S.K.: 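The structure is given below, and queries will be raised subsequently.
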Amino acid sequence: MLKKAALLLTVAALGVTTAACGGGKETQTGGTSPAPAGGAKPALRQLMQYGNFDPNKEFTAKTISEKTGYTVNYEMLPAENPDEKLNLLMANKEEYDVMKLSAPQFEKLATSGALEPLDDLLEKYGPNIKAAIDPAAWESAKVNGKIYAIPETGSGLAVGEELVVRQDWMDELGLKMPTNTDELYTVLKTIKEKKNIAPLTGSKDAKESIIGDIGAAFGVTADWVNQNGTLVHQVETPAMKEFLTYMNKLYKEGLIDQEMPINTSAKAIEKFSSGKAAIFKQAYWNAGTTEKALKKNDPNAKTAIIPYLKDKSGKASTFVKANTTWFVTIPKVSKHKEDAVKFLDLKLKPDNFIEIAIGKQGEHHEIKDGKYYPILPKFNDELNNGSGFLTGVDYKKYPDYWQARVRKDPVLQAFFEEINKNAQGIMVTDPLAKAPPIADISKNKQKLDKFQTDSMLKFISGSDPLANYDQFLTKWKADGGEAMTKAANEWFKNAKK
């Protein structure tokens, strides 16, 4: 989801440095938590995910303190091995009051008893939280029926990527925009013959990137498919094998970049922008820089978005993540649990939330035709890292607020708006998107995703023949796939009751 999206926008240009995350009350800036005066609100200690900035010096941190009345000392997990560091902090019983966790981090700490159940605290002190959070998202934050986190769902349902093509080359060769995989094959074959390049490039970075728009045209979208009330993983569907067969054909005929199985996303962008490829899957957050690099290499270059390809029945679809992105929790060791919830609730008070999210109207943002636009450069100067401070969002309003970040760059904005216009009415979400942590899935998903990605690349390149697909499937099931499927269906059937 686009959770994903808001966070990527704020950290896309960030480098890798080590953020302080030591023990005791010392923060990144070397300060200590001030003791509360008589009747004063206590200083709180919050653990954030990594970002290449000092959170205690950020404008957003100051805004939050002004709006809530709480002094907060922020610390970050490191860029490298954050899970190991988090485990160490919990083992040492570090007294954090608020922690923003990824889904695997949340599942591990919630099931180990390290987190405070929040049901009673939210009932007493969380009216703004209860009003702001998507009701459907609460299920994802439950363990054994109790709430252990405030679910942060990000920027709503939005698509982040779509295939783009060199329109100037399409015009030069008299080619029409492809609408299905057969027409795409014709376009790729013509470009290879006339331009002497591998027309389609891509990367090895994630199975979603490999599957993409082409996979969706075969019916490969979400991890799990609802087949008459039973969840089946995408690797067990005939659609996956059809997709891989098609991609293998493209690869054997040189219509796919032969280095695709080893390309990074950055390398794929470089090949497209340097004229070594005609088509690739563009992410909106890279659209501005990619377009700039392309124009630098060829001032006459023009790009266009390929509308989502249709399947055999003439229908198009595209996958969109609807998962909870972050889990905002309170550790059991916190001495300020009530104040932590009061603090989080004040952040989601409507007037406070909009200012925390996108600053002051007329100073950081403006409204034109009902849409939120950033006022530059002040928005960038003071709010560029602001998304990292969110601890839950107003699910009805934040998708509109958040687009102020997209509108910082007209190229990025145009690309984002067009691909999401194309996606209206054809978005597919995962049936488990709002499921709580499921032990057998949490335990196996990461390793099986990697196994699937590696195997798909081998099948596409032909280094492992598709005749061996059943062997891959047998190993996938034995290594946890069967347990995942059983657990997924147990939850799914109970959730429907």
Side-chain angles (χ1 to χ4, degrees), residues 161-205 209-218 220 242-284 286-287 289-312 314 316 318 411 414-415 418-419 422 456-457 459-462:
E161 299 173 284
E162 192 168 3
L163 288 173
V164 296
V165 63
R166 283 288 296 271
Q167 184 62 54
D168 53 321
W169 290 353
M170 296 282 284
D171 294 340
E172 175 190 333
L173 300 175
L175 293 169
K176 293 181 179 180
M177 192 67 74
T179 64
N180 55 43
T181 54
D182 288 340
E183 292 175 4
L184 177 64
Y185 174 80
T186 299
V187 167
L188 295 173
K189 194 169 180 63
T190 303
I191 290 174
K192 177 175 173 55
E193 291 171 354
K194 302 297 184 181
K195 305 299 290 186
N196 194 30
I197 59 169
L200 174 65
T201 192
S203 73
K204 64 177 179 62
D205 288 345
S209 298
I210 298 167
I211 294 168
D213 299 359
I214 298 175
F218 288 92
V220 183
E242 291 174 15
F243 161 66
L244 292 173
T245 300
Y246 177 84
M247 294 293 283
N248 175 249
K249 177 183 178 181
L250 299 186
Y251 192 90
K252 283 194 297 186
E253 295 185 18
L255 306 184
I256 294 179
D257 174 12
Q258 300 296 287
E259 294 182 346
M260 190 269 278
I262 61 172
N263 282 345
T264 61
S265 294
K267 191 65 176 177
I269 291 172
E270 179 191 323
K271 290 187 174 184
F272 180 79
S273 60
S274 63
K276 295 177 182 176
I279 298 174
F280 91 120
K281 190 179 182 185
Q282 171 77 285
Y284 74 82
N286 292 325
T289 52
T290 302
E291 191 76 11
K292 184 178 179 180
L294 178 64
K295 289 289 188 180
K296 182 178 179 180
N297 288 318
D298 185 349
N300 297 316
K302 291 191 296 185
T303 61
I305 295 170
I306 299 176
Y308 295 106
L309 300 171
K310 297 175 182 177
D311 62 18
K312 293 176 182 177
T318 184
V411 174
F415 186 80
E418 184 174 349
I419 65 174
N422 292 345
M456 285 193 300
L457 289 169
F459 289 133
I460 290 170
S461 67

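Just so it is clear, the model here is predicted, and its values are computed rather than measured.
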S.K.: Taking C-beta and beyond as the side chain, do M177 and Q167 meet within less than 4.5 Å on heavy atoms?
M.R.: yes

S.K.: As an exercise, state the distance from OG of S273 to CD of E291, rounded to the nearest 0.5 Å.
M.R.: 10.5 Å

S.K.: Using a 3.5 Å cut-off and no angle test, enumerate the donor-acceptor pairs between side-chain atoms of residues 255-262 and protein atoms at least two apart in sequence or in another chain.
M.R.:
unit_1, atom_1, unit_2, atom_2, d
D257, OD1, E259, N, 2.9
D257, OD1, K271, NZ, 3.3
D257, OD2, T201, OG1, 2.9
D257, OD2, N263, ND2, 2.7
D257, OD2, K271, NZ, 2.9
Q258, NE2, Y251, O, 3.0
Q258, NE2, I256, O, 2.9
E259, OE1, K271, NZ, 2.5

S.K.: Sequence neighbours left out, what passes salt bridge (charged side-chain N to carboxylate O under 4.0 Å, His left out) with E418? Give chain and number order.
M.R.: none

S.K.: Between CE of M247 and OG1 of T181, what distance do you get to the nearest 0.5 Å?
M.R.: 11.0 Å

S.K.: Which residues pass the side chain to side chain donor-acceptor pair (under 3.5 Å) test with D168, not counting sequence neighbours?
M.R.: R166

S.K.: If we only count heavy atoms from C-beta on, is the I214 to L200 side-chain gap below 4.5 Å?
M.R.: yes

S.K.: Please name the pair of heavy atoms, one in L309 and one in N180, separated by the smallest distance, quoted to 0.1 Å.
M.R.: CD2-N, 3.8 Å

S.K.: Which heavy atom of F272 sits nearest to which heavy atom of A277, and what is that distance?
M.R.: CD1-O, 3.7 Å

S.K.: Mind checking what makes side chain to side chain contact (heavy atoms under 4.5 Å, CB included) contact with N248, not counting sequence neighbours?
M.R.: K252, L466

S.K.: T289: what forms a side chain to side chain donor-acceptor pair (under 3.5 Å) with it, not counting sequence neighbours?
M.R.: none

S.K.: What residues, two or more places apart in sequence or in another chain, satisfy salt bridge (charged side-chain N to carboxylate O under 4.0 Å, His left out) together with K267?
M.R.: E270

S.K.: Using the salt bridge (charged side-chain N to carboxylate O under 4.0 Å, His left out) rule, collect all pairs that involve residues 188-202, keeping only residues at least two apart or in two chains.
M.R.: E172-K195, K189-E253

S.K.: Give me the atom names and distance for the closest heavy-atom approach of A268 to G202.
M.R.: CB-O, 3.7 Å

S.K.: Quick check for you: to the nearest 0.5 Å, what is the distance between I419 atom CD1 and Y284 atom OH?
M.R.: 8.0 Å

S.K.: Please report the closest heavy-atom contact between V187 and K176, naming both atoms and the distance.
M.R.: CG2-O, 3.8 Å

S.K.: State, to 0.1 Å, how close S209 and S203 come at their nearest heavy-atom pair, and which atoms those are.
M.R.: CB-OG, 4.3 Å

S.K.: Distance check, rounded to the nearest 0.5 Å: D213 atom CG versus I306 atom CD1?
M.R.: 8.0 Å

S.K.: Could you state the interatomic distance from CD1 (I191) to CG (L173), rounded to the nearest 0.5 Å?
M.R.: 6.5 Å

S.K.: Can you check whether W169 reaches I197 side chain to side chain, under 4.5 Å on heavy atoms?
M.R.: yes

S.K.: Excluding sequence neighbours, so at least two apart, what forms side chain to side chain donor-acceptor pair (under 3.5 Å) with N297?
M.R.: none

S.K.: Output all residues satisfying side chain to side chain donor-acceptor pair (under 3.5 Å) with E242, sequence neighbours left out; order by chain, then residue number.
M.R.: none

S.K.: Output every pair passing ring-ring contact (aromatic ring centres under 6.0 Å, His included) with a member in residues 173-194, not counting sequence neighbours, ordered by first then second residue.
M.R.: none

S.K.: Answer yes or no: is there a side-chain heavy-atom contact under 4.5 Å between T290 and V164?
M.R.: no

S.K.: With sequence neighbours left out, what residues match F243 under ring-ring contact (aromatic ring centres under 6.0 Å, His included)?
M.R.: none

S.K.: Name all residues meeting the ring-ring contact (aromatic ring centres under 6.0 Å, His included) criterion together with F218; count only those two or more places apart in sequence or in a different chain, and write none if there are none.
M.R.: Y246

S.K.: How far apart are the closest heavy atoms of N422 and P307, and which atoms are they?
M.R.: ND2-CA, 4.4 Å

S.K.: Just verifying a value: how many Å separate L250 CG and T245 OG1, rounded to the nearest 0.5 Å?
M.R.: 11.0 Å

